[in-house]
There are 2 protein chains.
Amino acid sequence: MNLKQLAESLNLSQTTVSRALNGYPEVREETRARVLAAAQAANYQPNSRARRLATGRAMTIGHVIPLAGKTEMVNPIFADFLAGAGEVYANEGYDLLLSIVSDGEAERAYRQMAANGSVDGVMVQSPETDDTRIALLRELGLPFLVHGRTQNPDGYSWLDVANKSAFRKATNFLLDLGHRRIALINGQENLDFAARRRAGYAEAIWSRGMAPNPDWMRADVMTEGFGYVAASQMLDLAETPTAFLVSSVIPAIGVRRAVVERGLVLGRDISLVTHDDVLSYMNNDADGPAFTATRSSIRGAGQRCAEILIDLIRKPNQPHVQELWETELTVGRSTGPAPAG
Amino acid sequence: MNLKQLAESLNLSQTTVSRALNGYPEVREETRARVLAAAQAANYQPNSRARRLATGRAMTIGHVIPLAGKTEMVNPIFADFLAGAGEVYANEGYDLLLSIVSDGEAERAYRQMAANGSVDGVMVQSPETDDTRIALLRELGLPFLVHGRTQNPDGYSWLDVANKSAFRKATNFLLDLGHRRIALINGQENLDFAARRRAGYAEAIWSRGMAPNPDWMRADVMTEGFGYVAASQMLDLAETPTAFLVSSVIPAIGVRRAVVERGLVLGRDISLVTHDDVLSYMNNDADGPAFTATRSSIRGAGQRCAEILIDLIRKPNQPHVQELWETELTVGRSTGPAPAG
DNA sequence: CCATATGCTCAAAGCGCTTTGAACGCAGCT
DNA sequence: AGCTGCGTTCAAAGCGCTTTGAGCATATGG
């Protein structure tokens with residue numbers, strides 16, 4: 001069933017039927033009701049391909065997600081972010097076009113999207129401190145929103161978590177508990193969020209007249225295995241950390257494994273604070289939060305990012321939207337006063 | 001730059017330019033070269049909206065992913081599956097349309113995709129033992145492929161892992177090590193894969209003249225927390241299991257936590273076998289596999305599923321494709337002979 | 001009573017491609 | 001010279017919508 005047939009069956013023109021369905025005011029209410037009823041009965045849905053050509057809008061938003069590193073890992077954060085954004089897209093009538101590309105191919109994907117008009121805008125995730133995608137998208141004239149930001153966050157729209165202050169707070173929290181040997185298990189530090197977290201951590205330590213110790217700092221793709229290996233190595237040093245600051249619940253689980261394996265008790269012998277993205281399958285709340293954490297829902301961020309991006313698409317030429325989310329430190333059972341000695 | 005302009009700039013008709021670009025044979029090679037060069041120079045990309053309308057093909061494949069349960073969790077398996085499938089789609093020139101819906105809304109999403117022609121086919125994941133989506137999609141006439149299958153796996157195309165035999169083998173492996181009290185930490189058993197795994201587990205136990213003990217069987221959404229809680233409860237029973245069979249690495253991590261927390265050693269006091277979907281961030285291979293596991297890459301499945309589905313779309317009216325993948329049992333450090341007593 | 005406005009409806013153009021059917025020029029054959 | 005066939009190119013139709021501009025009643029006001 002297409003518009004032409006529907007119109008014929010109603011003895012109306014395509015124009016009138018189209019307008020009735022799309023809520024235009026110049027249709028008599030009685031006519032509109034008739035049209036709506038017939039459309040319903042025939043299960044008529046306008047052909048999206050035709051509609052997109054006619055309107056010049058793709059009603060689609062692109063997410064290009066790069067496979068990281070040699071092993072081409074999928075950042076688990078993407079799933080929850082997509083879930084949040086996807087929900088909003090669906091409500092607003094937008095489709096979500098997912099393009100999964102090997103690391104170097106992102107640029108080609110964006111160029112193609114811009115040239116063939118398959119999307120109205122794109123979402124950019126996990127920017128590096130100096131991310132080339134931003135200049136590219138600006139040049140392409142494609143509306144975009146960055147989740148996170150770059151070192152120089154001017155001239156484009158973004159939504160980010162206050163990573164530096166979160167990790168400064170978390171570090172201070174541990175310092176206040178008497179910890180002096182605090183390790184940082186970070187994400188890859190070419191990524192802006194990780195760089196900022198490191199800066200917050202370092203700032204807090206410097207501000208107490210101490211210096212960060214490179215032996216207690218490690219950064220890599222945030223897997224459980226990385227957390228385990230990094231913590232294991234540090235716990236085997238002559239001078240071991242008494243506390244760990246970790247960038248995600250996933251490596252935190254690995255850190256916990258290393259701690260427990262050595263017969264140490266978390267929250268007594270060793271303290272651990274993690275950032276918690278509130279990932280679906282990494283619940284930190286079985287009975288009260290297991291980990292003390294700076295928390296910020298990646299899914300919530302996805303929702304808000306989608307709202308902003310759609311608004312950017314609908315109203316071009318508006319000033320850049322820049323939104324910074326503070327985190328709160330939730331105290332769980334993984335922290336306690338520094339052990340004596 | 002559109003086709004018309006490109007054609008004018010070349011003093012050719014749109015027909016010829018279109019044919020040259022699309023590799024039709026009735027174009028002189030010299031002309032084709034000229035056209036290709038000009039297209040390249042102008043960075044011309046055919047407008048995908050127009051092309052889709054003209055060809056009647058969407059060149060898009062839909063994935064509808066439901067948010068599970070009241071907490072609307074995102075199954076972490078989807079991310080890796082998407083990565084595998086997305087790679088193949090990109091190579092074959094297909095777009096991936098992702099529709100994320102609350103649990104009851106999947107049907108509406110499929111109906112809409114079918115009616116408005118936004119996709120050429122859809123991928124179905126995580127089917128229940130008696131999944132209503134299959135009848136629906138057959139009725140809608142939309143090509144589809146199921147990753148997994150239903151209780152009655154006839155009359156449609158699917159690709160599945162041999163879950164029952166995998167868990168039969170794994171259970172036998174534990175039985176052969178002398179274990180008699182084997183627990184099953186399963187996924188939700190309305191899902192077909194979980195039902196089959198349970199059947200394989202039960203079959204192995206019955207075949208040794210024993211009966212499965214309901215106290216040692218639990219099924220739920222496969223989170224780390226669920227694994228932890230289920231194992232903790234079982235380890236606090238009067239009669240505790242000596243081995244755990246777990247449906248995914250994620251709850252397996254929780255089980256390990258419960259075990260270690262009680263001062264027990266995995267592979268000595270307690271054995272654990274898990275199914276390993278080879279998820280990106282849940283690597284089981286730091287230095288030799290930590291967990292003994294039945295292994296099957298969800299990402300590899302995504303790739304193969306994409307290939308099959310595209311083939312189904314390109315050549316309709318072919319017989320159903322049904323592919324069953326065997327798993328291998330990889331022995332890691334989490335299993336050992338049953339402790340005496 | 002005419003001019004103007006208003007409410008509703010329609011025919012037709014247009015979105016940017018692909019594809020059909022026709023046409024042209026030229027070689028090869030009769 | 002005429003016919004056929006081949007290689008190459010083109011004009012035009014069509015995909016299924018939206019949107020423009022026009023038209024026809026009927027109401028409104030001077």
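A quick note: this is a predicted structure, and the numbers were derived from the prediction, not measured. Quick note on labels: first sequence line is chain A, next is B, and so on, each numbered from 1.
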Subject >> Presence of B/Y24 side-chain N/O under 4.0 Å of D/dT8 phosphate oxygens OP1/OP2 >> reply: no
**OP:** Output yes when at least one side-chain N/O atom of A/N22 is less than 4.0 Å from OP1 or OP2 of D/dT18, else no.
**Re:** yes
Original post:
Under 3.5 Å, is there a donor-acceptor pair between the side chain of A/S99 and the main chain of A/V64?
Top reply: no
Subject >> Centroid separation B/F78 to B/H147 less than 6.0 Å >> reply: no
**OP:** Identify whether the distance between the nearest side-chain nitrogen and carboxylate oxygen of B/E107 and B/R133 falls below 4.0 Å.
**Re:** no
Original post:
Can you check whether B/R49 has a side-chain N or O nearer than 4.0 Å to OP1 or OP2 of C/dC15?
Top reply: no
Subject >> Protein-nucleotide distance (A/N47, atom CG; D/dC17, atom P), rounded to Å >> reply: 6 Å
Original post:
When the distance from CZ of B/R51 to C1' of C/dC15 is rounded to whole Å, what number comes out?
Top reply: 16 Å
Original post:
Is there a donor-acceptor contact under 3.5 Å linking the side chains of B/D80 and B/S280?
Top reply: yes
Subject >> B/S13 and B/T16 side chains, donor-acceptor separation under 3.5 Å >> reply: yes
Original post:
With a 3.5 Å cut-off and no angle check, do the side chains of A/Y156 and A/T150 form a donor-acceptor pair?
Top reply: yes
Original post:
Does OP1 or OP2 of C/dG16 have a side-chain N or O of B/Y44 closer than 4.0 Å?
Top reply: no
Original post:
Between atom CG in B/L53 and atom P in C/dG16, what is the gap in whole Å?
Top reply: 12 Å
**OP:** Using a 4.5 Å cut-off on heavy atoms from C-beta on, say whether the side chain of A/I308 contacts that of A/W158.
**Re:** no
**OP:** Mind running a 4.0 Å heavy-atom check of residues 2-20 of chain A against DNA chain C and sending the residues that fall below it, in number order?
**Re:** A/N11, A/L12, A/S13, A/T15, A/T16, A/R19
Original post:
Which listed nucleotide (C/dC17, C/dT9, C/dT19) is nearest to the side chain of A/R28?
Top reply: C/dT9
Original post:
When you check the phosphate oxygens OP1 and OP2 of D/dT9, does a side-chain N or O of B/T31 lie under 4.0 Å from one of them?
Top reply: yes
**OP:** Take atom CZ of A/R32 and atom C1' of C/dT9, then tell me their distance rounded to the nearest Å.
**Re:** 13 Å
Original post:
What is the distance from CD of B/E26 to C1' of C/dT19, rounded to the nearest Å?
Top reply: 10 Å
Original post:
Roughly, in whole Å, what's the span from CZ in B/R57 to P in C/dT18?
Top reply: 10 Å
Original post:
Given atom CE of A/M59 and atom P of D/dT18, what is their separation to the nearest angstrom?
Top reply: 12 Å
